[in-house]
Protein chains: 2
Amino acid sequence: MQIRNGLRPMWWHGRFRGCGYRITAPREAILDVLSKSDKHLSAEDIYIKIHTHYPVIGLTTIYRTLDLLTNIGLIFKFDFGDGRARYELVKGPKGKTHHHHLICTNCNRIIDYTDFIDEEIKLLEQTEKKLLKKYNFKSTNKLIQFYGLCEKCQKMS
Amino acid sequence: MQIRNGLRPMWWHGRFRGCGYRITAPREAILDVLSKSDKHLSAEDIYIKIHTHYPVIGLTTIYRTLDLLTNIGLIFKFDFGDGRARYELVKGPKGKTHHHHLICTNCNRIIDYTDFIDEEIKLLEQTEKKLLKKYNFKSTNKLIQFYGLCEKCQKMS
DNA sequence: CTCTTACTGATAATGATTTTCATTCTTAAT
DNA sequence: ATTAAGAATGAAAATCATTATCAGTAAGAG
């Protein structure tokens with residue numbers, strides 16, 4: 001696997017340079033994995049995926065990079081209650097953005113859903129404005145999650 | 001401090017017995033702290049509060065009990081991103097229930113808000129129904145959080 | 001091409017949460 | 001009230017995700 005590819009600047013390169021961050025092989029690899037994989041990857045998930053082709057990379061770097069990407073706002077960090085953080089690209093170049101999560105509290109399965117989301121977003125944006133007015137809280141990001149039992153786990157109990 | 005008070009059955013005793021759980025001094029103490037304190041207590045917070053009057057209790061028991069209470073549905077478990085779980089009574093006997101959280105990603109301050117919440121709840125309940133239909137996902141609990149910068153931290157940056 | 005210093009990886013450290021296990025206590029049955 | 005069964009407890013050890021350290025490496029400005 002060819003990790004670096006200086007000839008093909010990626011969509012996020014500009015963003016990186018703008019912040020004074022360097023573009024490195026590990027960072028490319030991590031963003032590559034995130035953009036190709038489905039989602040909800042933990043640090044270790046990413047480590048394993050990369051390690052196969054690129055054994056040099058250390059877990060430390062994964063964590064550092066994920067932290068960096070979260071701060072820049074390129075990825076979201078989620079907690080689904082299984083004791084490890086999970087990460088997800090905010091969006092591809094033009095990609096679809098918002099989805100919310102259904103979390104099965106029994107088997108820990110995560111279901112993404114984007115249905116019915118438009119009204120939700122509309123409402124949330126209204127709320128955001130009101131929050132800014134009342135609390136002077138400048139929201140940059142919002143989270144909605146439903147906890148409960150997925151189909152399988154309902155049958156079992 | 002008198003921990004046990006067999007003469008005064010608490011509102012949750014029935015719930016406990018119904019599930020086959022025993023009513024013990026540590027459990028009373030923990031629920032007492034949770035119901036009296038403001039909110040967002042971590043396991044250690046609770047440990048310290050109780051330990052003053054009741055030095056026998058161990059952190060292990062706190063964790064075990066919080067886990068139990070979460071499973072029963074008496075308390076909520078939150079992750080605000082500071083590396084420790086925080087807990088909060090779902091409601092007092094008649095207490096007000098729902099509020100959502102504003103989380104400052106800089107100083108980690110948590111602001112509760114209950115304003116504008118009625119419309120949100122209405123919408124969420126609609127969504128819940130739809131989720132049940134489409135995914136057969138039986139939601140028992142929902143979470144809304146806004147991440148961003150609080151007043152103070154906006155000024156500093 | 002060179003120099004500055006941001007980035008990296010190995011290792012050790014941290015710190016919240018869990019597990020283990022022998023002992024204690026609650027409670028249903030007597 | 002007494003007792004027996006096993007649920008609950010606490011101390012200590014174990015886990016395990018994440019973070020800090022530090023010396024070596026490499027990105028990229030000039």
Side-chain angles (χ1 to χ4, degrees), chain A residues 3-7 9-10 12-31 40-48 50-51 54-72 75 77-87 108, chain B residues 3-7 9-10 12-31 40-48 50-51 54-72 75 77-87 108:
Chain A
I3 298 293
R4 294 304 306 276
N5 189 341
L7 300 176
M10 296 286 115
W12 48 270
H13 282 191
R15 179 82 161 269
F16 250 63
R17 291 249 169 65
C19 296
Y21 296 120
R22 294 182 177 171
I23 291 160
T24 67
R27 288 173 180 177
E28 300 231 35
I30 290 169
L31 271 159
H40 311 322
L41 296 177
S42 69
E44 200 187 348
D45 291 339
I46 297 172
Y47 175 75
I48 289 170
I50 294 183
H51 196 268
Y54 184 37
V56 193
I57 202 166
L59 236 193
T60 310
T61 299
I62 309 262
Y63 276 108
R64 264 189 303 234
T65 303
L66 289 173
D67 212 43
L68 173 67
L69 296 174
T70 304
N71 288 333
I72 295 182
I75 63 177
K77 180 180 183 180
F78 289 104
D79 166 71
F80 294 141
D82 65 343
R84 67 193 59 196
R86 296 182 174 276
Y87 302 86
N108 241 330
Chain B
I3 298 294
R4 290 307 303 278
N5 189 342
L7 300 176
M10 295 285 115
W12 46 269
H13 283 191
R15 180 81 160 269
F16 249 64
R17 292 251 168 64
C19 296
Y21 297 119
R22 294 182 176 174
I23 291 160
T24 66
R27 287 174 179 177
E28 300 232 33
I30 290 169
L31 271 160
H40 310 324
L41 296 177
S42 68
E44 202 187 348
D45 291 339
I46 296 172
Y47 175 74
I48 290 170
I50 293 183
H51 196 267
Y54 183 37
V56 193
I57 201 166
L59 236 192
T60 309
T61 299
I62 308 262
Y63 276 108
R64 264 188 303 231
T65 302
L66 289 173
D67 212 44
L68 173 67
L69 295 175
T70 305
N71 287 333
I72 295 183
I75 63 178
K77 180 180 185 181
F78 290 104
D79 166 71
F80 294 139
D82 65 343
R84 69 191 57 194
R86 296 181 174 277
Y87 302 85
N108 241 331

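Every chain is numbered from 1, with letters handed out A, B, ... down the list of sequences.
Within the 4.5 Å cutoff, side-chain heavy atoms of A/His13 are placed close to those of A/Glu28. A/Arg86 places a side-chain heavy atom less than 4.5 Å from the side chain of A/Asp45. The closest side-chain heavy-atom distance from B/Tyr63 to B/Leu59 is below 4.5 Å. Contact check for B/Tyr21 versus B/Ile72: side-chain heavy atoms found under the 4.5 Å cut-off.
In terms of position along DNA chain C, the nucleotide closest to B/Ser42 lies nearer the 5' end than the nucleotide closest to the other residue of the pair B/Ser42 and B/Tyr21.
Distance OH (B/Tyr47) to C1' (C/dG15): 15 Å, rounded to an integer number of Å. Between the CD1 atom of B/Ile23 and the P atom of D/dT9 there is a distance of 12 Å, rounded to whole Å. Computed from coordinates, the A/Asp82 CG to D/dA17 P distance equals 10 Å when rounded to whole Å. We find that CG of A/Asp45 is positioned 11 Å from P of D/dA17, with the value rounded to whole Å. The separation between B/Arg27 atom CZ and C/dT24 atom C1' is 14 Å, rounded to whole Å. If you measure from atom CZ of B/Phe80 to atom P of C/dA16, you get 17 Å, rounded to the nearest angstrom. Computed from coordinates, the B/Arg84 CZ to D/dA17 C1' distance equals 15 Å when rounded to whole Å. Here C/dC25 presents its C1' atom at 15 Å from CZ of B/Phe16, a figure rounded to the nearest Å.
To the nearest 0.5 Å, atom CD1 of residue A/Ile30 and atom OG1 of residue A/Thr24 are 7.5 Å apart. Separating the CG atom in A/Asp67 from the CD1 atom in A/Ile62 is a distance of 13.0 Å, to the nearest 0.5 Å. Put simply, CD1 on A/Ile57 and CZ on A/Arg27 are 10.5 Å apart, with the number rounded to the nearest 0.5 Å. Of the inter-residue distances, the one linking B/Arg64 atom CZ with B/Leu66 atom CG reads 11.5 Å to the nearest 0.5 angstrom.
Non-hydrogen atoms lying under 4.0 Å from DNA chain D are contributed by A/Thr60, A/Tyr63, A/Arg64, all within residues 58-71 of chain A.
Comparing C/dT17, D/dA27, D/dG10 by their closest approach to the side chain of B/Pro26 singles out D/dG10.
Taking the six-membered ring where the residue is Trp, A/Phe78 and A/Phe80 present parallel rings, their angle staying beneath 30° rather than reaching 60°.
Direction of the helix axis in the helix from C/dC1-D/dG30 to C/dT30-D/dA1 shifts by 50° between the two five-pair termini, rounded to 10°.
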Pairs under 3.5 angstrom, nitrogen or oxygen only, protein versus nucleotides 2-6 of chain D, please.
unit_1 : atom_1 : unit_2  : atom_2 : d
D/dG6  : N2     : B/Arg22 : NH1    : 2.7

Should B/Phe16 and B/Leu69 be marked as a side chain to side chain contact (heavy atoms under 4.5 Å, CB included) after you check the CA-CA gap, both sets of side-chain angles, and the distance that decides it?
CA-CA 9 Å; B/Phe16 249 64; B/Leu69 295 175; 3.8 Å; yes
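Considering B/Leu41, B/Thr70, B/Leu68, B/Thr65 in turn, B/Thr70 is the only one that fulfils the side chain to side chain contact (heavy atoms under 4.5 Å, CB included) rule with B/Ile75.
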